[in-house]
Amino acid sequence: MSTQQNPSVYAQCIQYQLSDIVDVPVYANFNRNWATEPSFLTWQLRNIHQPVYTGQDQNNKGIDRPIFQISVFSKDMETAFNLSNTILQSLHGYSGMFGDPDTVGFWLAKADVNWLYNTYDNEIKLHQIILDCQLDVLT
């Protein structure tokens, strides 16, 4: 029988991986800090424990497909686009260790990143780009 990751493990690994990719602060959604940062990322784990089974034996080759959303915020549109491109180039199609291999990490079969849309929020005066990332994790 397959075993899926604890959501806490996913959260720690997402935080580590995004912080390793970009050189701006990375926050979980509940810890946004609009007031002091000109550019930053937030992420939100949206969907976990979606087992997909392949092969004749449905208990074989399990894949967990968690999805997390990344919001890129910046006062400057070019910076927002560049940060988003850096994430796309680093994560889309990525396969390998996801997270910190020394503390908490897991083997990732593949990551798919979709650029959903970009917008501007007049209230907070920040450009925002929304990306979705789906992880294929062998269970």
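Residues take their numbers from the sequence shown, with the count starting at 1.
For Ser8, the side-chain contact (heavy atoms from CB on, under 4.5 Å) criterion is met by Asn6, Gln12, not counting sequence neighbours. Asp132 pairs by the salt bridge (charged side-chain N to carboxylate O under 4.0 Å, His left out) definition with Arg46, not counting sequence neighbours. Legend: residues meeting ring pair (Phe, Tyr, Trp, His ring centres under 6.0 Å) with Tyr94, ordered by chain and number and at least two apart, are absent. The side-chain contact (heavy atoms from CB on, under 4.5 Å) test applied to Phe81 returns Met77, Trp115, Asn118, Ile129, not counting sequence neighbours. Applying the salt bridge (charged side-chain N to carboxylate O under 4.0 Å, His left out) rule to Asp76 yields no partners; only residues at least two apart in sequence or on another chain are considered. Applying the side-chain hydrogen bond (donor to acceptor under 3.5 Å, both in side chains) test to Gln44 and every residue at least two apart in sequence or in another chain returns Asn29.
Using modelled atom types, no side-chain atom of Ser74 and backbone atom of His127 make a donor-acceptor pair closer than 3.5 Å.
When all heavy atoms of Arg65 and Asp136 are compared, the pair lying nearest together is NE-OD1, 2.7 Å.
Identified under the salt bridge (Lys or Arg N to Asp or Glu O under 4.0 Å) test for residues 77-96, with sequence neighbours left out: none. Residue pairs meeting the salt bridge (Lys or Arg N to Asp or Glu O under 4.0 Å) criterion with at least one partner in residues 94-110, sequence neighbours excluded, are Lys110-Asp112.
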Discussion item. Set out, in order, the CA-CA distance, both residues' side-chain angles and the distance that settles side-chain contact (heavy atoms from CB on, under 4.5 Å) for Ile87 and Leu41, then state yes or no.
Written reply: CA-CA 11 Å; Ile87 294 166; Leu41 305 184; 3.8 Å; yes
Discussion item. Using the rule given for side-chain contact (heavy atoms from CB on, under 4.5 Å), can you reason through Glu37 versus Tyr27, listing the C-alpha separation, both sets of side-chain angles and the distance that settles it, and then say yes or no?
Written reply: CA-CA 11 Å; Glu37 305 292 344; Tyr27 301 108; 3.5 Å; yes
Discussion item. Using the rule given for side-chain contact (heavy atoms from CB on, under 4.5 Å), can you reason through Thr86 versus Ser84, listing the C-alpha separation, both sets of side-chain angles and the distance that settles it, and then say yes or no?
Written reply: CA-CA 5 Å; Thr86 298; Ser84 298; over 6 Å; no
Fill in: Chi angles and distances behind the side-chain contact (heavy atoms from CB on, under 4.5 Å) call for Phe73, Ser39
CA-CA 5 Å; Phe73 292 95; Ser39 299; over 6 Å; no
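Side-chain contact between Lys75 and Leu126 is present, with at least one heavy-atom pair separated by less than 4.5 Å. Counting only heavy atoms from C-beta outward, the side chains of Leu135 and Cys133 approach each other to under 4.5 Å. Using a 4.5 Å heavy-atom threshold, the side chains of Met97 and Phe106 count as separate. Side-chain contact between Tyr10 and Asp64 is present, with heavy atoms from C-beta onward closer than 4.5 Å. Using a 4.5 Å heavy-atom cutoff, the side chains of Ile67 and Leu45 are not in contact.
Other residues sharing a hydrophobic cluster with Leu116 under the 4.5 Å side-chain heavy-atom criterion for ILVMFWY residues are Tyr117, Ile130.
For the atom pair Gln134 CD and Phe68 CZ, the distance stands at 11.0 Å (nearest 0.5 Å). Note that CD1 of Ile70 is 6.0 Å distant from CG of Leu91, once rounded to the nearest 0.5 Å.
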Hey, can you pull the donor-acceptor pairs under 3.5 Å for the side chains in residues 15-22, sequence neighbours left out?
residue	atom	partner	partner atom	Å
Gln15	OE1	Trp43	NE1	2.8
Gln15	NE2	Ser19	OG	3.4
Gln15	NE2	Val26	O	2.8
Gln17	OE1	Gly99	N	2.8
Ser19	OG	Gln15	O	2.8

